[in-house]
Amino acid sequence: MAISNGVDKKLNTLTAHELLDKLKSGGISSEDIFSALEKRIKEADPKVNAYVRNQVQLPLADNRKNITGGVPIAIKDNICTEGYNTECCSKILEGFIPPYDATVIKKIKGSGHAFLKLKTNMDEFAFGSSTENSSFGLTHNPWNLDYVPGGSSGGSAAAVASDEAIWALGSDTGGSIRQPASFCGVVGLKPTYGRVSRYGLIAFASSLDQIGPITKDVRDCALLMNIIAGYDPNDSTSVNTQVPDYTKSLNSGIKGLKIGIPKEYFVEGLDPEVNSAVKEAINILKKLGADFKEVSLNHTQYAVPVYYIIATAEASSNLARFDGVQYGFRSKAANLIDMYKKTRGEAFGEEAKRRIILGTFVLSHGYYDAYYLRALKVRTLIKQDFDKAFQDLDCIITPTSPSPAFKIGERVDDPLKMYLSDIYTISANLAGIPGMSLPCGFTKKGLPIGMQILAKHFDEERIFSLSFAYEQNTEWHKMKPDFKP
Amino acid sequence: MIDKKTVEYVANLARIELKEKELDKLSGQLGDILGFIDKLKEVNVDSVPPTSHAISIGNVLRDDSLKESLPVNKALSNSPLKNGSSFIVPKVIE
Amino acid sequence: MPNEIINYEAVIGLEVHLHLNTKTKAFCGCSTEFGKEPNSQTCPVCLGLPGSLPVFNRTVLDYAIKVALALNCKIQEYTKFDRKNYFYPDLPKNYQISQYDLPLSKGGLLNIDTGEGLKRIGITRVHMEEDAGKLIHEDNVTLVDFNRTGIPLLEIVSEPDINSPEEAYQYLSTLKSVIEYLDISDCDMEKGSLRCDANISLRPKGEKNLGVKTELKNMNSFKGVKDALAYEIKRQTGLLESGGGITQETRLWDDKESKTFPMRTKEGAKDYRYFPEPDLPPFIISAEKIKEIKDSIPELPYEKYGRFMKEYGLSEYDAKILVASKEDAFFAEECFNAYSGKDKKMLVNWFIGPLLSEANSRSLKISGLNISSAGLLELLGFVERNEISNLSAKVVLTEMLDSQKSAAGIIKEKNLIQISDTESLKEIMVQVIDENPKSVSDYKAGKENALMFLVGQLMRKSGGKANPKIAKELLKERLNA
């Protein structure tokens with residue numbers, strides 16, 4: 001790993017705000033950025049595999065010459081882009097080209113920025129925490145190619161970490177932005193539920209999903225939120241409240257900010273290196289004037305089981321539409337029922353089948369009350385824990401994941417262990433609150449460690465103040481993987 | 001707990017064909033997961049209301065005004081099998 | 001007592017699905033227009049394309065509340081949508097957005113006229129949902145058209161209070177009439193904008209417990225519902241009498257064969273895996289909203305029925321006929337109000353008589369006939385002033401409807417002005433008496449009928465123009481002299 005010195009850097013290694021400054025001063029054009037990215041992707045992606053459908057890889061965008069003043073954004077393969085394949089890295093959506101744009105894509109187009117036609121890799125339908133469940137093969141962690149980048153937005157996080165993207169969009173249902181951000185040493189934010197439109201995001205679990213930024217630093221994260229956040233009349237669950245200019249809260253300072261440390265998150269199972277990195281970060285923030293106190297989020301231990309009931313139940317219904325009738329893969333069969341069964345049996349991956357069947361089971365007759373309804377009730381208790389804690393707190397800090405990145409293949413055959421790697425991120429989705437993962441150190445082996453900052457509903461501004469203050473006083477975000485393609 | 005027969009039944013509801021090997025593997029894994037999920041039984045949820053939505057909003061309505069539909073060719077553009085302006089599926093017998 | 005004959009009673013509940021005539025679909029801005037090119041009225045939302053999301057149409061909620069209130073249902077303060085999960089190619093998401101445990105409204109009633117007085121039929125619930133697409137079955141494949149997908153539907157579920165096919169028919173007619181008054185649906189069974197499924201079971205008369213029911217689908221008219229129920233009663237009775245049992249199943253009505261057949265089962269009700277629709281936040285219906293909609297409900301048929309009798313002195317029979325169709329009732333009332341003559345009963349008789357039969361023979365409603373209230377009253381003015389006979393007036397009416405000419409024009413053209421002057425009539429009378437000596441003597445011998453025959457002859461000789469009242473008086477006067 002190396003700290004870049006800022007002299008003579010290739011454009012693809014810069015942040016979006018640095019590039020915007022250069023674009024403004026006229027030193028470079030958007031085309032220069034595209035060229036730098038194109039070169040980097042060509043050299044690095046054969047190793048990282050952050051992007052999918054490489055055969056149609058170039059050009060990165062149509063009408064590139066017409067794009068001026070914008071910094072292209074990498075898009076996860078579950079966000080609909082009109083005219084460009086969007087397949088959720090699943091065989092069942094093979095060849096699917098949406099006839100419409102997701103609202104975030106419309107917003108990007110309207111902002112003067114562009115998006116990369118190439119989509120980033122992910123666990124099939126966002127089912128996973130390692131990006132190993134993709135029909136296009138797994139993504140490698142740029143910090144160590146033997147390790148997973150996290151998931152499900154592993155492609156977006158790895159692309160940003162390896163400078164194959166300037167900034168990116170991911171989606172987060174149980175930690176799918178924050179956990180890969182922490183594994184790859186970049187910044188990732190899951191906004192408040194309802195802050196960013198889900199219209200055009202291929203649903204995993206509708207009551208938990210949010211689109212959010214994955215960026216090289218906090219300022220880029222705020223800039224990207226400024227582009228994508230806001231009420232959307234096409235999404236009934238998007239909330240009609242004013243969106244602040246998030247870059248304005250970067251410098252608000254953190255003196256006197258009240259921060260909670262939930263004791264349930266610092267327990268057995270937490271990797272000691274992660275523990276000490278987060279504790280060290282807390283010390284730095286204390287020195288900067290933040291007030292810390294221990295809090296209790298009593299129902300934390302139930303978050304994973306609640307999540308795996310609610311998320312799979314919703315997924316089982318959301319994914320029913322993939323049946324070979326209108327789009328995607330269709331298996332040959334003589335009759336309709338066989339067509340359904342063969343199509344879905346052949347084209348869904350193992351994890352997708354596991355989750356659909358689990359979700360179907362918890363909703364089925366005789367089990368609904370015992371599983372699904374009970375989970376909705378415990379969800380209430382988890383939400384209430386946060387409501388109570390935030391009555392006298394501004395933010396909560398936790399590790400993003402109990403461990404740093406793990407080795408490729410290590411957890412593939414142990415779904416339960418895989419599920420537990422989301423143990424610290426899931427609660428925010430259940431409660432609908434915003435959460436960011438921010439680089440806060442490295443393991444001795446050189447793998448990034450992330451800390452998570454949570455805040456109350458629609459209080460992303462506090463997260464930005466706190467994370468920016470921390471970032472200004474540390475160097476972690478400037479670290480680049482020493483990755484030689 | 002979940003037995004193989006139940007997994008088969010549920011897989012049929014979900015219209016997923018499972019090979020014998022998959023069925024065996026899944027039954028075991030789902031059993032483990034459900035065993036873990038059973039942890040929820042220790043929580044007292046009497047008089048706790050369920051939460052289906054992360055944010056409490058309501059009465060989200062739109063006006064009854066027309067929007068442009070997709071052109072037929074675009075609506076059918078991803079179709080694995082079509083005929084004129086209709087999608088085609090294997091014959092449905094009622 | 002093995003030979004005891006058991007009388008069975010039918011227990012019937014009806015499930016009506018009603019298209020609401022909003023401009024756009026329930027959850028997207030696509031048009032609801034009928035009969036367009038397949039899949040031309042679709043968008044990512046109603047096609048259920050990955051990533052699309054529903055947004056509920058305000059007017060659907062208003063219309064639904066209106067119907068529920070008109071059916072005396074209680075509107076629930078808190079209501080939400082649920083997903084009903086099953087795989088079928090007319091359902092692009094493989095779930096239907098519907099309502100399960102917290103429907104819009106519950107506990108209403110509709111009074112129907114059984115011919116032996118009013119009968120109260122309970123309404124279990126009225127809830128909102130989206131329609132599915134249309135499947136066209138060809139020889140080897142099935143074609144799918146999603147134009148209908150997402151059209152707003154109300155499901156109106158009755159209590160099992162209906163006991164005969166006739167009552168079922170009456171329930172449907174009464175319901176249709178209420179809905180028409182609300183002007184929120186076409187109610188056109190041919191277009192599929194009103195569909196009806198039926199649940200039916202039999203039980204020995206006097207028995208409290210319900211028997212095993214079958215669900216009947218695929219009836220395309222009210223008569224179809226009646227026939228299917230009658231068939232099913234016969235079928236079930238036969239089974240029970242031969243000691244067999246009823247299988248709980250869904251059966252399809254075949255109109256051509258006039259039979260029901262078991263349907264190849266989809267999923268059973270218990271496999272629908274209902275759960276709250278996460279893409280749609282719930283709805284809180286305020287008391288103000290309910291009041292606002294209640295105030296907008298027009299006079300309903302049973303209210304109009306009462307008022308017609310009271311205000312216009314209509315008989316029960318006449319009032320019932322006139323209020324059955326909203327447009328007819330409005331037209332009738334327009335005429336009643338514009339009418340300045342003395343003989344209101346005549347006006348009513350014209351509606352129930354000539355107008356209704358003209359309408360029937362043209363397969364129209366009275367209001368659909370090509371005649372305005374002014375035109376009708378002009379025509380009746382001639383009758384009232386004794387300028388034309390009732391008989392001529394009927395001819396004029398037909399001509400008016402066919403040619404769109406005015407009553408005055410037709411009367412003049414056809415020279416139909418009645419002969420009321422006594423001298424002219426006397427001339428004709430003398431001829432009639434001369435030509436019909438037998439009738440004259442019959443009358444004189446006490447056969448009253450003979451007088452009517454002679455009046456008829458006089459009318460004929462006058463080319464229908466003689467004033468029959470005066471003619472009769474003159475004849476009587478002469479023959480009795």
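For clarity, every value in this text was computed on a predicted model and none was experimentally measured. Letters go in sequence order (proteins before strands), and every chain restarts at 1.
Of the atoms belonging to C:N94, not a single heavy atom falls under 4.5 Å from chain B. Of the atoms belonging to C:K25, it is backbone heavy atoms, and not side-chain ones, that fall under 4.5 Å from chain B. If you measure heavy-atom distances from C:P282 to chain B, the contacts under 4.5 Å come from both the backbone and the side chain. With a 4.5 Å cut-off on non-hydrogen atoms, B:N83 touches chain C through its side chain but not through its backbone. Heavy atoms of B:A14 lying under 4.5 Å from chain C belong exclusively to its backbone.
Taking 4.5 Å as the limit, every side-chain heavy atom of C:T142 sits out of range of all side-chain heavy atoms of C:P89.
Not counting sequence neighbours, the partners of C:F146 by the ring pair (Phe, Tyr, Trp, His ring centres under 6.0 Å) test are B:F87. Not counting sequence neighbours, the partners of C:D197 by the salt bridge (charged side-chain N to carboxylate O under 4.0 Å, His left out) test are C:K217. In terms of the salt bridge (charged side-chain N to carboxylate O under 4.0 Å, His left out) criterion, residue partners of C:R83 (sequence neighbours excluded) are, by chain and number, C:E277, C:D279.
In terms of heavy-atom pairs under 4.5 angstrom with chain C, the leader among B:I57, B:N59, B:L76, B:V72 is B:N59. Of the residues considered (B:N78, B:I55, B:V60), B:V60 shows the highest number of contacts with chain C, using heavy-atom pairs under 4.5 Å. When each of C:I285, C:L61, C:L280 is scored by its heavy-atom pairs under 4.5 Å with chain B, the top score falls to C:L280. Per-residue heavy-atom pair counts under 4.5 Å with chain B were compared for C:D145, C:I284, C:L47, and the maximum is reached by C:I284. Of the listed residues (C:V141, C:I136, C:T59), the one with the most heavy-atom contacts under 4.5 Å to chain B is C:V141. Options B:I88, B:L81, B:L66 differ in how many heavy-atom pairs under 4.5 Å they form with chain C, and the most are formed by B:L66.
When only modelled atom types and interatomic distance are considered, C:E15 and C:H17 share no side-chain donor-acceptor pair under 3.5 Å. Between the side chains of C:Q99 and C:T79, at least one donor-acceptor pair of N or O atoms lies under 3.5 Å. Side-chain contact of C:T42 with C:N39: a donor-acceptor pair under 3.5 Å is absent, judged by distance alone. Looking at C:S98 and C:E130, their side chains never bring a donor and an acceptor atom within 3.5 Å of each other. C:D131 and C:H19 share a side-chain donor-acceptor pair at under 3.5 Å.
Contacts of residues 26-34 of chain C with chain B at a heavy-atom distance below 4.5 Å involve C:A26, C:F27, C:C28, C:G29, C:C30, C:S31, listed in sequence order.
By the 30° and 60° cut-offs, the orientation of the rings of C:Y274 relative to C:Y100 is parallel.
Tested against B:D64, the residues C:L20, C:D62, C:T22, C:V60 include a single side-chain contact (heavy atoms from CB on, under 4.5 Å) partner, C:T22.
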